[in-house]
Amino acid sequence: MAVSTFKRGLRFPSTRKEATEGKPVEWTPLLKQVVIPINQHLGAPNKCLVNVGDKVKRGQKIADAAAPGPMTVPVHASITGVVKKIEPRTQQNNSEGICVVIEAVGEGEGPGKDIFQALPILDPFTCTKEEALARIREAGIMGMGGAGFPTHIKLNPPPNKTIDTIIVDGAECEPYLTTDEAVIEEKPDMLILGLAIIMHITGVKKAIIGMEDNKAQLIPMIEAAIQKNDKAASAGEITVGLCKTRYPQGGEKLLITALTGREVPSGGMPMDVGCIVQNVGTVVAIAEAFKIGKPLIDRDLTVSGGACKTPKNIRAPIGTLLPDLTPGFIDVEFDKVRKLLFGGPMMGNAVPNLNVPIQKNTSGIVFMTAAETIAELESPCMRCGRCIRNCPIRLSPVLTNNALEAGDLDEAVRIGLMDCIECGSCTYMCPARIKLVQRFRVGKGRLRIKQAAAQAAAAAAKAAEAAKQPAPAN
Ligand code: SF4
Ligand code: SF4
């Protein structure tokens, strides 16, 4: 089998996946409480549908669109219990967001007790496309690979975009993380069913499951699942595309290039080059939403890092707090933790404490020691060009950083700030330890605020202009 890749990026001396590689996904113990953020997706905000004191069942919808519009994804209770509080809490992106605190009553989750209030079973191959997309939304499914984009929107591109290839992102290129691998091993049939459903809904006849070559042992399992799924046979051609292990291969633009040779243009999206990319977990969630009527209420993730004595892949109800898993299930040498990360070490977020809830897009939790983290102290730029040579998007991180340092946001945007995929390769390679990607995230945030202010000013000017017009005569 040919092995492809993209240019630039990084080859880590070690991916540090050994601690959890090959380990099955373990259910968390029964939980006493969960803290569920009502907004976990990218898009318009939800409103809470429950009140303090309400009894809720695992699988029951507790938040949905605050206003009509497609860019929302509902949220469901992940344990059966009573709503104790509805209040702002710190989320994994370090912002404060409204969360529903549910205290458990009785049983409902855990090993062998995967009971939930199900959606009605729906056959995706006989229902209409609109019904299928509505089911994906109603099940609360969003991109689980990181960004949280609503999946029903991604699977319904505008009519002027012709899609010819579905790509399943199974690259899992971040160090430490091994959950996608474990999920493929546990649920290859659900992965293929989910992919056949996506192909049916979109009408796309070609799909590629993209994997890095450090997971090649999974290929026979996937091929066997393709062979025995009659829906896969009628859906079209499904193949496995093997890529060299290289970071950030899992970035959707780079995976598209590696597997199809196509390049997503600056400012463009995968659909601009005929592709839709979905993460492994999202594809499995789609299959479960139809086959067993399960909303997205659990998350598979890797818990690892040098300070974690019990690295493992776990299945946790959404809203699980780490203190409810430690000690016993997850044991950590807290005195050695230098950084607590939600997500992997390259693209994840450092969070301030343990009380940050697991979300639909939490791919991992990493307890990093000082030896595993990059030294904090920055020194002046040496003009070595390493950041430029390793940027997979072919940007010039040093120049973008200079523009931001000079307060010239327009220049930073002109030279590609918004094309940055925040992979962190430049920061990792910088011998001066300049926090390039961190500055780019701040710069993007400033730009969003500037754009929102400009929009608000334009709307106010329009309203003022309208107020000046004489009222129509009766
Ligand atoms: S500039 Fe952005 S895309 Fe390029 S290496 Fe840095 S973080 Fe990655
Ligand atoms: S890698 Fe760091 S030191 Fe080298 S040019 Fe880029 S910013 Fe400067």
Side-chain angles (χ1 to χ4, degrees), residues 5-13 15 93-94 145-147 149 169 171-175 177 212 243-258 262-270 272-273 277 339 341-350 363 373-448:
T5 193
F6 61 96
K7 293 201 175 88
R8 305 190 181 194
L10 306 174
R11 270 189 79 86
F12 296 115
T15 58
N93 62 0
N94 285 304
F149 195 86
D169 188 347
E172 203 166 41
C173 58
E174 273 265 5
L177 306 188
E212 291 198 323
C243 307
K244 276 187 193 155
T245 298
R246 178 181 288 274
Y247 181 83
Q249 193 102 241
E252 54 183 18
K253 292 181 179 179
L254 302 162
L255 194 60
I256 289 170
T257 302
R262 302 173 194 173
E263 298 228 356
V264 180
S266 170
M269 314 250 286
D272 295 323
V273 292
V277 183
K339 203 186 247 186
L341 284 169
F342 268 50
M346 298 298 289
M347 296 184 83
N349 287 322
S363 52
T373 50
I374 293 176
E376 299 285 319
L377 221 52
E378 290 190 8
S379 52
C381 172
M382 306 167 189
R383 300 179 185 277
C384 66
R386 279 201 211 176
C387 55
I388 298 172
R389 286 197 296 280
N390 288 282
C391 175
I393 306 294
R394 299 197 187 94
L395 304 177
S396 298
V398 59
L399 299 182
T400 312
N401 186 49
N402 289 349
L404 289 172
E405 293 278 274
D408 193 345
L409 195 53
D410 292 340
E411 173 63 5
V413 171
R414 193 191 67 76
I415 58 177
L417 174 66
M418 299 315 281
D419 284 325
C420 167
I421 60 168
E422 300 177 23
C423 68
S425 300
C426 50
T427 307
Y428 181 83
M429 292 305 292
C430 176
R433 300 296 179 226
I434 298 173
K435 297 183 179 65
L436 297 161
V437 68
Q438 292 84 343
R439 302 234 172 90
F440 302 159
R441 285 182 191 139
V442 172
K444 286 180 178 185
R446 275 172 46 207
L447 183 71
R448 279 190 281 270

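One-based numbering, in listed order, for ligands and for the atoms of each. These numbers come from a predicted model, not from an experiment. FYI, side chains are in, hydrogens and waters are out, and symmetry mates aren't considered; it's all heavy atoms of this structure.
- Of all protein N/O/S atoms, those lying under 2.8 Å from atom 8 (Fe) of ligand 2 come to 1.
- Residue pairs that meet the salt bridge (charged side-chain N to carboxylate O under 4.0 Å, His left out) test with at least one member in residues 245-257, sequence neighbours left out, are Lys154-Glu252.
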message: Would Asp419 and Ser266 count as a side chain to side chain donor-acceptor pair (under 3.5 Å) here? Give the steps.
response: CA-CA 6 Å; Asp419 284 325; Ser266 170; 2.4 Å; yes
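- If you take CE on Met347 and CD on Glu422, they are separated by 6.5 Å, rounding to the nearest 0.5 Å.
- With rounding to the nearest 0.5 Å, the separation of CG in Leu399 from CG in Leu417 is 12.5 Å.
- For atom 8 (Fe) of ligand 1, protein N, O or S atoms closer than 2.8 Å were enumerated as Cys423 SG, with waters left out.
- Between Met346 and Cys423, the closest side-chain pair of non-hydrogen atoms is not below 4.5 Å.
- In this structure, Lys444 places its NZ atom where more than 12 heavy-atom neighbours from other residues, nucleotides or ligands lie under 6.0 Å away.
- Using the six-membered ring where Trp is involved, Tyr428 and Phe12 have ring planes that are perpendicular, over 60° apart on the 30 and 60° scheme.
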Check residues 400-407 and write down every donor-acceptor pair under 3.5 Å in which the side-chain atom is one partner and the other belongs to a residue at least two apart or another chain.
from	atom 1	to	atom 2	distance (Å)
Thr400	OG1	Ser396	O	3.1
Asn401	OD1	Arg439	NH1	3.3
Asn402	ND2	Val398	O	3.4

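- Remark: side-chain polar atoms of Arg11 are paired, donor with acceptor, to backbone N or O of Thr245 under 3.5 angstrom.
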